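Comments concern the structure below.
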Amino acid sequence: MGKHTMDRRNFVKTMGALAGATAVAGCNSSSGESSNGTGDSSDKNLGERVPSMACPYWSDVGRASTCEEQLAVAKSNVESALGVQVELEPKDIATVISEWNNDVRSFPIAYWYMGNTGGRLDPNPIMVRNMVTRAGGDGLLNSSHYPSCEFSQLAHEQVSAPSLEERNEMVREGIKIMSEDAAHIPTTNTLNFNAARSAVNTERVGQAGFAKNNPRFHIYSTVEDKDQMVFNIHGHAITTSAYPRMDSSSVWNHLVTSTLMEYDENFELQENMAASLETARDGKRIIVEVKDATFHNGDPVTAEDIQYTFQWNHENGSVVPDHTPIPYKNGTDGIKVVDDKTVEFNLEQAYWPFVNKKLQKRGIYHKQSFVDSGADDNPSGFTLNEIIGCGPFQVENFREGQSLTLDPFPECAAHDPPNQRKVFLAFDSKQAASQGLQAGEVDVVSRLPTGLFDQLQDTDGIQTNVFDGFMGYHFHPHHGVAPTKFREFRRAWGKALNRKEINQVSQSGRGEPQYHGSHFISTHPSYPDDDSDVYKYTTEPTGEPQAAKQLLEENGWGWDSQGRLHYPPDADLSPLWPKGETPSEEDFPCLSELPDN
């Protein structure tokens with residue numbers, strides 16, 4: 001075991017023990033609920049005591065250990081500076097997202113990250129997911145239940161701005177508003193740590209690295225000393241053959257089938273199954289001609305298959321992960337077959353994300369196999385009788401939750417023919433995958449925890465790769481409930497963090513600390529080159545705990561004799577909207593002007 005791994009594990013263990021020993025005494029109230037009484041303080045000018053705050057993180061995802069390492073530092077920072085106890089709660093991702101989206105209020109703040117998928121290079125996903133129309137208990141994701149009308153109007157209008165320049169200005173203004181509001185509290189950017197055996201050919205790695213979100217690497221990479229190449233994969237990505245219900249992983253949407261457009265290994269958008277693409281009527285009409293291509297069963301890929309794909313996704317958006325509605329003219333009737341190889345998308349308004357997000361996100365479905373498998377009658381429960389794609393690989397063997405074996409499909413129209421079988425295996429842990437890599441049983445392991453990556457860097461026969469991501473790790477404070485509904489509290493939390501230490505412990509100092517309160521981080525292409533007008537929690541890598549305390553004190557907060565934080569005496573602790581409900585038009589008038597989702 002490498003020294004970096006030992007240092008990191010010892011640090012996290014020590015921090016956990018220290019935090020437990022020095023936790024703020026008496027802070028045992030459930031998060032999201034107010035504590036009764038003001039504790040033992042003799043200061044009658046103090047308001048109600050801030051209770052212990054539960055903070056969940058995803059414990060069943062590839063970056064769980066990185067989250068734990070970041071949170072070990074952050075917990076100590078916040079407890080020491082603010083005088084409020086933070087209870088870290090490992091939970092599976094499905095539970096956290098469900099509880100958050102339905103506003104059950106079992107915690108006032110959460111910690112998670114966003115992966116570096118190509119579609120997130122467009123600003124729309126981040127803008128939309130923070131609109132007030134998605135806040136509250138409506139089952140939709142608003143990352144912080146952020147209820148800004150000013151931001152939401154920009155988020156709605158930017159998709160159909162008259163020009164790209166005006167759209168960029170709207171996004172920039174949105175970043176400024178989010179940061180001023182302390183909408184999110186970032187720590188670092190999201191890095192991808194990857195490793196491969198030295199026998200792996202990495203000519204088509206590019207900027208995206210060995211990661212799952214780099215389909216060109218999976219397609220064109222080979223291993224020299226075997227006749228098949230083995231990758232690790234998370235079991236969640238292969239739990240069903242009904243891949244439209246799965247996340248937009250490269251495996252299904254770019255390997256088994258193919259998209260009309262695709263980001264290459266350097267995140268440049270390229271025509272993929274599209275032979276040509278033309279826009280007309282000021283961006284309200286997109287005409288796509290598909291290449292001469294065949295599905296894996298020999299059927300031709302037709303405009304009718306493309307029409308069916310986009311109609312199915314639109315009509316069944318509730319079961320398609322990360323789906324956002326497209327403003328088709330007259331609903332899906334706006335998707336028209338022109339001839340056997342040409343489809344026309346007619347929109348009510350210009351929609352900037354359509355080409356660079358929607359056309360590259362999900363592969364073309366084989367209509368007949370979907371219909372025969374009951375996809376139209378039971379979209380949330382069907383399974384494909386036979387997986388028929390049009391991508392560079394066809395399914396040779398599929399074991400749900402365990403493995404996926406893909407053989408090259410020489411007739412693929414989107415790519416030069418690959419020449420090696422690819423096998424994706426699910427492992428119980430990244431440690432097990434790493435052991436398989438060192439034993440020569442696995443050829444590529446992506447999204448490694450930093451400790452394992454550091455260890456593998458010193459291992460003979462292993463090559464490593466780091467992708468400096470454009471997404472980030474964030475605290476997501478609930479803007480509807482105390483104490484996180486108070487902007488000064490959110491800002492104080494952001495000031496208290498020692499991002500230098502967080503970055504060093506969790507990513508060996510390779511990441512970029514993030515200082516401003518936006519969901520966009522500084523390495524995202526939409527982040528402004530000149531951010532002098534963007535609010536930042538601090539510019540000190542080690543944080544400003546004294547400034548955090550001063551900010552709270554200036555706003556009427558205080559501490560009792562045991563160092564426990566109390567609200568201002570006149571603080572209104574009532575939620576901005578009732579639990580399980582959504583913000584009202586009375587409080588947020590813009591809701592009457594914005595689309596529901």
Side-chain angles (χ1 to χ4, degrees), residues 15-16 18-39 46-59 67-68 70-91 95-96 99-100 103-112 143-146 182-187 473-498 502 517 537 543 545 548-549 551-552 555 557-560 562-568 571-576 579:
M15 292 301 295
L18 185 61
T22 61
V24 183
C27 293
N28 55 7
S29 300
S30 173
S31 63
E33 301 293 337
S34 298
S35 169
N36 294 320
T38 58
L46 292 177
E48 189 170 324
R49 178 165 56 84
V50 178
S52 172
M53 296 175 60
C55 177
Y57 64 93
W58 302 333
S59 60
C67 292
E68 291 168 352
Q70 294 211 2
L71 286 168
V73 181
K75 170 182 166 71
S76 177
N77 295 159
V78 170
E79 291 184 340
S80 175
L82 306 189
V84 58
Q85 186 174 352
V86 180
E87 299 289 349
L88 303 179
E89 295 185 346
K91 290 187 176 184
T95 297
V96 175
E99 291 181 348
W100 192 257
D103 198 14
V104 301
R105 300 187 182 174
S106 56
F107 43 85
I109 194 166
Y111 193 73
W112 58 56
S143 300
S144 288
H145 292 286
Y146 177 47
H184 307 281
I185 307 172
T187 55
Y473 294 90
H474 290 80
F475 284 99
H476 296 270
H478 194 309
H479 285 240
V481 299
T484 48
K485 79 170 188 174
F486 297 104
R487 186 173 71 168
E488 67 268 20
F489 182 85
R490 301 192 299 271
R491 287 187 169 185
W493 188 298
K495 288 181 181 293
L497 300 178
N498 185 335
I502 287 171
Y537 294 106
K549 292 178 180 178
L551 175 62
L552 291 175
N555 283 276
W557 302 61
W559 292 265
D560 60 29
Q562 298 182 53
R564 302 176 300 191
L565 181 65
H566 288 248
Y567 292 105
D572 179 4
L573 304 186
S574 58
L576 296 185
K579 179 179 179 180

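Here the structure is a predicted model, which means the values were calculated and not measured. Count residues from 1 along the sequence.
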Take the angle between the ring planes of Trp493 and Phe475 and call it parallel below 30°, perpendicular above 60°, tilted in between. perpendicular

Would you call Tyr111 and Ile185 a side-chain contact if the rule is heavy atoms closer than 4.5 Å? no

Begin with the C-alpha distance, continue with both residues' side-chain angles, and end with the deciding distance and a verdict on side chain to side chain contact (heavy atoms under 4.5 Å, CB included) for Glu488 and Arg491. CA-CA 5 Å; Glu488 67 268 20; Arg491 287 187 169 185; 5.6 Å; no

Nearest heavy-atom neighbours spanning Ala81 and Ala496: CB-CB, 3.7 Å

Tell me whether the centres of the aromatic rings in Trp112 and Tyr57 are closer together than 6.0 Å. no

Spatial distance of atom CZ (Arg105) from atom CH2 (Trp100) [nearest 0.5 Å]: 10.0 Å

Is there a side chain to side chain contact (heavy atoms under 4.5 Å, CB included) between Ile502 and Tyr473 once you walk through the steps? CA-CA 11 Å; Ile502 287 171; Tyr473 294 90; over 6 Å; no

Which atoms form the tightest heavy-atom contact between Asp103 and Lys579, and what is the distance? O-CG, 3.7 Å

Shortest non-hydrogen separation from Ser574 to Lys485 and the atoms involved: O-NZ, 2.6 Å

For Ser106 against Ala54, the heavy-atom pair lying closest together: O-CB, 4.0 Å

Single hit among His479, His184, His474 for side chain to side chain donor-acceptor pair (under 3.5 Å) with Ser144: His184

Value for CG (Asn498) from OG1 (Thr187), rounded to nearest 0.5 Å, stands at 11.5 Å

Hits for side-chain contact (heavy atoms from CB on, under 4.5 Å) against Thr95, two or more places apart or cross-chain, chain-then-number order -> Lys91, Asp92, Glu99

To the nearest 0.5 Å, tell me how far Arg490 CZ sits from Leu551 CG. 11.5 Å

Quick one: closest heavy-atom pair of Tyr567 and Ala482, and the distance? OH-CB, 3.4 Å

Can you tell me how far apart CG (Asp572) and CZ (Phe486) are? Round to the nearest 0.5 Å. 6.5 Å

Is there a side chain to side chain contact (heavy atoms under 4.5 Å, CB included) between Phe107 and His478? Walk through the geometry before answering. CA-CA 8 Å; Phe107 43 85; His478 194 309; over 6 Å; no

Trp559 vs Leu552, test: side chain to side chain contact (heavy atoms under 4.5 Å, CB included). Steps then yes/no. CA-CA 10 Å; Trp559 292 265; Leu552 291 175; 4.1 Å; yes

Report the distance from atom CD of Glu87 to atom CE of Met53, rounding to the nearest 0.5 Å. 11.0 Å

Evaluate the side-chain proximity of Leu82 to Phe489: yes if any heavy-atom separation is below 4.5 Å, no if none is. yes

Please name the pair of heavy atoms, one in Leu88 and one in Leu71, separated by the smallest distance, quoted to 0.1 Å. CD1-CB, 3.8 Å

